[in-house]
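All values below come from the heavy atoms of this structure, side chains included, with hydrogens, waters and symmetry mates left out. Every chain is numbered from 1 and lettered A, B, ... according to where its sequence line falls, protein lines coming before strand lines.
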Amino acid sequence: MQNAELEHILGHARPDVPAWCWFDHEWYARAHPECPAELVNQGFAGVRRHYLDHGRALGCSPNPLFDERWYRLRHPAVAQAVAAGELGSGYEHYCASGYLSGSPHWLFDEALYANLSPDVTDQTLIAQDCFNPYDHYLRIGAREGRVAHLLFDPMMVAGAGADGAFGHFLRDGDRLAASSIYFDPVWYARRYPEVAEAVARGAYGCALHHYLAAPEAAGYDPRPDFSETFYRERNGDVAAGLRAGRWRNGHAHFLEVGVFELREPGPDVGLRAFAEATPRLQTALDEGRWRDAYAGLLHSRAARVAPPEPTAPARVFVALPPPAAGTGRVDYLGFTTPGHGWLFCGWVNPEHPAIDDAVTGAAYFEQGSIHGPALVSSFPRDDLESPSVGLLVYIEGSGRPLGKLISLSITGVGIVWTLFPGESVTLLRDEKLVTPVRQLLARLRGNAAKDALIAIAGRRGYTGANTIAELRDRVFLEIDETIFCPPRGLVLIGWKLAGPGVITSIRLHSGHNDMLLQPEQFLKMDRADVQASVGVPNGLPDLDCGFMLFVPSVFMPAESTYLAVETGRGEIGFRGIGEPRQRGMEAIRGLLERFDLRYEAMARGFDHVIGPAVASLNRERLRHPPAHDVLRFGAIAEAPVVSVILPLYGRMDFLEYQFALFSADRSALAHEFIYVLDDPARQREVEILAAAVFARYAIPFRVVLLARNMGFAPACNVGLSMAGGEFVCFMNSDVFPDTPGWMEALVARLRAHPEIGALGPLLLFEDRSVQHMGMMFEPLAEFAGWQFPRHERKGWRPPAHGGLHESAAITGACMMLSRRVARDLGGFDESYIIGDFEDADLCQRLAEQGLGCAVDLDVRMYHLERQSQAGPEQRWRLNLTLFNAWVHERRWGALLRERQAAGDGAVAARHVVSA
Amino acid sequence: MNVIARAAHRVLVASHSHPAMSNGGAEIAAWRLYDGVAARPDWRAWFVGCARDDATRLGSPITQPFDAREFLYAQPGFDWFKFANPDPAFPAALRDILADVRPDIVHFHHYVHFGMEAFLHVRRLLPDSRIVVTLHEFLAICHHYGQMVTREKKALCYEASPRACNRCFPAHSRADFFLRNLFIQRFFALVDHFVAPSQFLADRYVQWGIPAERMSVIENVTQRSQPVDKVTAAREAGSLRVGFFGQISFLKGIHVLLDAARILEDDGAQGIHFDIHGDHTNQPPEFQADFLDRMSRAGKNVRFHGAYDNARVDTLMQEVDVALVPSIWWENSPVVIQECMRNRLPIICSNIGGMAEKVRPGIDGLHFPVGSASGLCELLRALAADPSTLADLSRRMRRPETPETTVDQHLTLYQQLMGTGAVRQGMPAAPSD
């Protein structure tokens, strides 16, 4: 630059030059550490000389309104030119040409000023003799309180002199003066100790300068309420924008975008809660008292003003400034069920017109968000100015309701778009959504995503008709039975046939829910009937085309439920699913009758399908325990030593035999009998029989009448809840005492051996061979290696010796234990259905407490065990046993295997001869 | 003569029916015992029988329609498998009778309808009284009407077991039969003494489990009547009249008789005739149809006279030369045998059980192999050919015991029970000539 020009731009402040165009020698001398101390005393010329000779090269600024260093950072080409010697300084560049297009200062945001002061047009500048908007701001705008930077609010700065607040702040202002609600310089300096040092050194003019100019400060927090790390972690779309250079840091994003979406600035700030609890917030914002909810929150906290009583949740969606590049609007949006994703239609003002590479989308709603790869295509819109284009976006996701849309971000290479809901944005669904979309499909600009969008928009939804037969590829799918497993599970039993690779996915839809079905969820079963009637004639001869499957948490009862089968061609066929009919025990039995599996297939079947389904059905059927009446005969013993609890099912006449035998051996110990009738159909029969039995034998007893059949474990637990004895003895109705004085004998043993948790008698068949004298566990290969009880010496002659015989577990057919122990364990576990393994489970839990089990060989009873299960009509009963085995295996399998590997447990039980 | 007046002994006889309502052997025997004991000066006797439910007065299970010493229990329903009485009113009703009668001896001529628990009620209320049970068949052992004959093939059964019984009655499991046995044994344990009318029956029960020292053999009390000497009419060689008296049923072996008659007819043995007296109408319809069919095709040597009044049996027995008891089951102590002895009518019977015991071969009559029509034919031909055999038998046969004798035996038993509580070895029936 020529000297004359330099003279011009480095003169004193005068009205005929821009307000930023002068040399402030006083400020220069004290603000720059590069200046020697005595420079202050020199006059204008001397200081200016220093600037020209040294300062320029060192990157010093001629006045506080122009920041040389910042300007060079912003314009690397300028910096290079200065370094190469082609330019004296960035200031010269700015004065020559730069002033027309960019900001020369870190505290002046030309874009923001233009947005917020749209009246500052070229005409206005000319009329008011301003060289550029910065000049306007400095001369007029700042005095008028106009905002040119989010972190500088002229109204907050005190002591504005002739320079105006801005000049004053930069030139003479307190280093730690607050200029904006969004930045707390005092806190900032304390939080980052090097700031104070840098400012003192002169590297930065003030804390705010450091925050806005220092490279590392991009990651610093401006005030305690905002956390860069938190904000960036929480908001994945911010990172993309930062990488693209769209914003300097999270705080910048937050102030420009995030705050309007009520994104949380930091942990425990509660911005959204504040906004919802402050109904007058919207008014305040409309009136311009606060710029945004964050400002409102900070102001009200500073003023210690409690937010007014909420009358209704507030919705705060500020009318945003007109869209800048990279922003746009969403006109309508919604979920398309056959496309299982969301469609958004709107427009964007793009930085680049082409959308060819892969993009990701993130849609933020009031109650959640959807993100993932997005299909995006553009189309022309006559109503918009170029370069704005219409936009159709698809993101796959779940269709559950998420509330109103807050924003939609699209990011990709060179693309960072944010679309906000328009004023009259509408939320549509399925056909209502897809109908307008279909109309613009033809106009979509061709790109990779266009075909996929057309396919998705073209899918028809489910109307209640089964459309699988209409698919171009041959697919056969039938559902024979559905079973509802509360709360939201569903079992489907049916069959399907299709060529290899034809079916690409099967989804289950129910109400708003849907779930993609995984292959391992399908338990395959042979269907010779289907193979013969459908498979072979159609060239699909698979025998194992049947399936049973369990879907845990999708089903919405009373809503439309159907399967959507997608083929490789992209077509979808539907198969409706009718209302499930079976419930409770009937449903359990229905499930268990249908399969006959062994080995690993059995384990898989139980793990994926049968186990969880039956467990859920059982939980539901036991959920509301029925009320029960109690029949009382005779006076209940006041402080019984033994409570005998006997579940009754099926054969009621056993009760008569039991009492005949009880009458022959009346124990001297105070005792009580509690029968629990688990068979409501026989209630009348039992009432008559019990009355007759009491008339004959005059032995007091109670009969609990359950209103529904529950099973062995729940029935026993009901009895346990009513028992008052020091000991309880669970006894089956088909157990008949033989040894006189059995009750005293068992009680004496338990008292003498506190290490025994459960004690039972030796049980014999009617031919006096052993029915039970303890059991141990062994894995059975046929049943996937699950642990099953092995009954010691069952069917053999009883051993000649007597005494206590320890065992890993004993049967619940006759088991005496301390009532306190039984209560502490919670009785029998009701996850076991009807009656199997719950006794083994109880014994395992006793072992966990360090208590053992034993059989007293000196006390004998008969146990007339039911016949073994055989034949197909008993298949469900065997499978029910397998279910109980599965439950038991999941809990105890690993522990038992460990013990067996260590040599314990499976080995024959130790025997203790009684003293 | 005793100076010290002794309180009379009190006996309650319990029967599962009442002669006024049915005339089965057991209830008649029970009645005769009661009658006989009541006639003795130092003894008082009462009788309790069972009736169908419709004989009751509403709310009162015990009634006395006949006499102050006779009670009737109205039985509403009975468990025939284990002989349990489900009537909740019965225990109190029985206790009322016991409290009223205060018997020293309660003699059950049956436990059906009362239920086995009755022993427990007696024992509880009257711990010092003695319980006696007369066994009339094998009901406690065998569920097939107590006859120890298999249900399907009607083969003889020698021993009960859960396995064997389950084969006869598949609807009841082995466990069920085991429990039945357990139940019965539990109550039998309360009985002080058992009486069996035949040694055969006694032996079976002892084998089954009743301790031998608690078993005695005493005949049923028979009808008090004048023995009638049979007029032995001159008989030509080759002629023989065979009489059958009693229930016409399969187990009574009527088919053996008819088969034998057919064989003789076909062989042309013209002198042997069969006279059948009895009631067939209590039998199952298939049997009745079959019987009538056979009768219609029977030869001239068989005549069916239909049912007869028991009072006329003596007259009817005068008209035949020999009585035939071809039962294919064990029989205990058939009344017809006593009646034949009274009329000095020799008896031909099957060679098993109580029949064979009562009819001493060569003395009271002759045996033939059970169920064998050909064996029977052989025997009948021999008798027809030589009239002297039957004449000898008629002279040699024993007389039946008088009712008084039998009653005496009972009273001796009662006194032993009341005295020491123990009883000497059971007395066999004393033959009286």
More than 12 heavy atoms of other groups within 6.0 Å of B:Phe169 CZ: yes
State, to 0.1 Å, how close B:Pro86 and A:Arg696 come at their nearest heavy-atom pair, and which atoms those are. CA-NH2, 3.9 Å
Select all residues of residues 113-127 of chain B having any heavy atom within less than 4.5 Å of some heavy atom of chain A, and report them by number, or 'none'. B:Glu117, B:Leu120, B:His121, B:Arg124
Does the side chain of A:Glu766 come within less than 4.5 Å of B:Phe177's, by heavy atoms? no
Separation of B:Asp176 CG from A:Leu864 CG (nearest 0.5 Å): 8.5 Å
Output the distance between atom OH (A:Tyr657) and atom CZ (B:Arg180), rounded to the nearest 0.5 Å. 8.5 Å
Contact origin within B:Asn85 toward chain A - heavy atom pairs under 4.5 Å: backbone
Tell me if the CZ atom of B:Arg163 is crowded by more than 12 foreign heavy atoms within 6.0 Å. no
Could you look at A:Phe694 and say if it's the side chain, the backbone, both or neither that has a heavy atom under 4.5 Å from chain B? neither
Restricting to side chain to side chain contact (heavy atoms under 4.5 Å, CB included), what partner residues turn up for B:Asn332, sequence neighbours left out? B:Pro197, B:Ser198, B:Leu201
CD on A:Gln658 to CG on B:Leu179, rounded to 0.5 Å: 9.5 Å
Using a strict cut-off of less than 4.0 Å between a Lys/Arg side-chain nitrogen and an Asp/Glu carboxylate oxygen, indicate whether A:Asp665 and B:Arg186 qualify as a salt bridge. no
Are B:Phe178 and A:Tyr862 close enough that their ring centres sit under 6.0 Å apart? yes
Tell me, for B:Pro88 versus chain A, whether the close heavy atoms (under 4.5 Å) come from the side chain, the backbone, both or neither. both
Non-neighbouring partners of A:Asp856 that pass salt bridge (charged side-chain N to carboxylate O under 4.0 Å, His left out), sequence neighbours left out: A:Arg749
Under a 4.5 Å heavy-atom criterion, the part of residues 767-775 of chain A in contact with chain B comprises none
